[in-house]
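Below: the structure, in structure tokens.
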Amino acid sequence: MAPPPAPQTMKERILATADKLFYLQGIRAIGVDTIAAEIGISKRTLYNHFPSKDALIAAYLERRFVAQRPSDKPPAEQILATFDSLERRFAARDFRGCPFVNAVAELGPTDRAVKKIAIAFKESRRVWFRDRLNELGVADAEALATQLVLLVDGSIAQDLVRDDPAMARAAKEAAKVLLRNAGVDAGGEAAMPAPSGKRSPH
């Protein structure tokens, strides 16, 4: 049998509670008093681990900054699987959109620390798409990666407004069109010829 998981440290408990409350109810709506009360500790104890609410917000966003896992699947399949993952996430009852976009929207673009983390996260996702496209031999991987990220963010916004996980499916179909136009076999239809200087991957 596997050993039982190690108990959370106080810092981990504070951060996990802040994560849940910030994401579900909003950063501005939740003060450190609420977080401390939820755990059953004093504000002083909380501040011993996080010297300010700003420090706790930054730690919350860094906790949400999770890199996509390595995969042995073909690059095109990995790209399209992103939208399958989104659809599953959209169907979850606790889905409230992108935490990074939410944070910038709540705190404003002048909060440089928050904006820096949000930009870093969005860029990491774009670079992940770009790297998969480079593996496929796509000529303008930079531009196509940006377009795929826009499909991701657009589907998130549409789901929040419509409460319809099928928005991820629609974005996936649009991604297939973009991939086929770049000469990638995205399934369902024959790929168009790859741009000159690049061969169509098989």
With a 4.0 Å cut-off on N to O distance, would you call D159 and R89 a salt bridge?
no

Compile the donor-acceptor pairs under 3.5 Å between side chains in residues 169-178 and protein atoms, sequence neighbours left out, one pair per line.
unit_1, atom_1, unit_2, atom_2, d
R169, NE, E87, OE1, 3.3
R169, NE, E87, OE2, 2.8
R169, NH2, E87, OE2, 2.6
K172, NZ, D84, OD1, 2.9
K172, NZ, D84, OD2, 3.2
E173, OE2, K176, NZ, 3.4

Could you tell me whether the side chain of [X] and the main chain of [Y] form a donor-acceptor pair under 3.5 Å?
X    : Y    : result
D19  : R63  : no
S155 : L151 : yes
K122 : V101 : no

Give, for atom [atom1] of [X] and atom [atom2] of [Y], the distance between the pair rounded to the nearest 0.5 Å.
X    : Y    : atom1 : atom2 : result
F90  : D163 : CZ    : CG    : 11.0 Å
Y60  : R64  : OH    : CZ    : 5.0 Å
I117 : F100 : CD1   : CZ    : 8.0 Å
T82  : L80  : OG1   : CG    : 8.0 Å

Closest non-hydrogen atom pair, [X] against [Y]:
X    : Y    : value
D94  : Y23  : O-CE2, 3.2 Å
N134 : A141 : OD1-CB, 3.3 Å
P75  : L136 : CB-CG, 3.7 Å

Partners meeting salt bridge (Lys or Arg N to Asp or Glu O under 4.0 Å) with E142 (sequence neighbours left out)
R126, R130

Would you mind writing out the side-chain donor-acceptor pairs for residues 28-39 within the sub-3.5 Å range, not counting sequence neighbours?
unit_1, atom_1, unit_2, atom_2, d
R28, NE, E106, O, 2.7
R28, NH2, E106, O, 3.4
E38, OE2, K20, NZ, 3.2

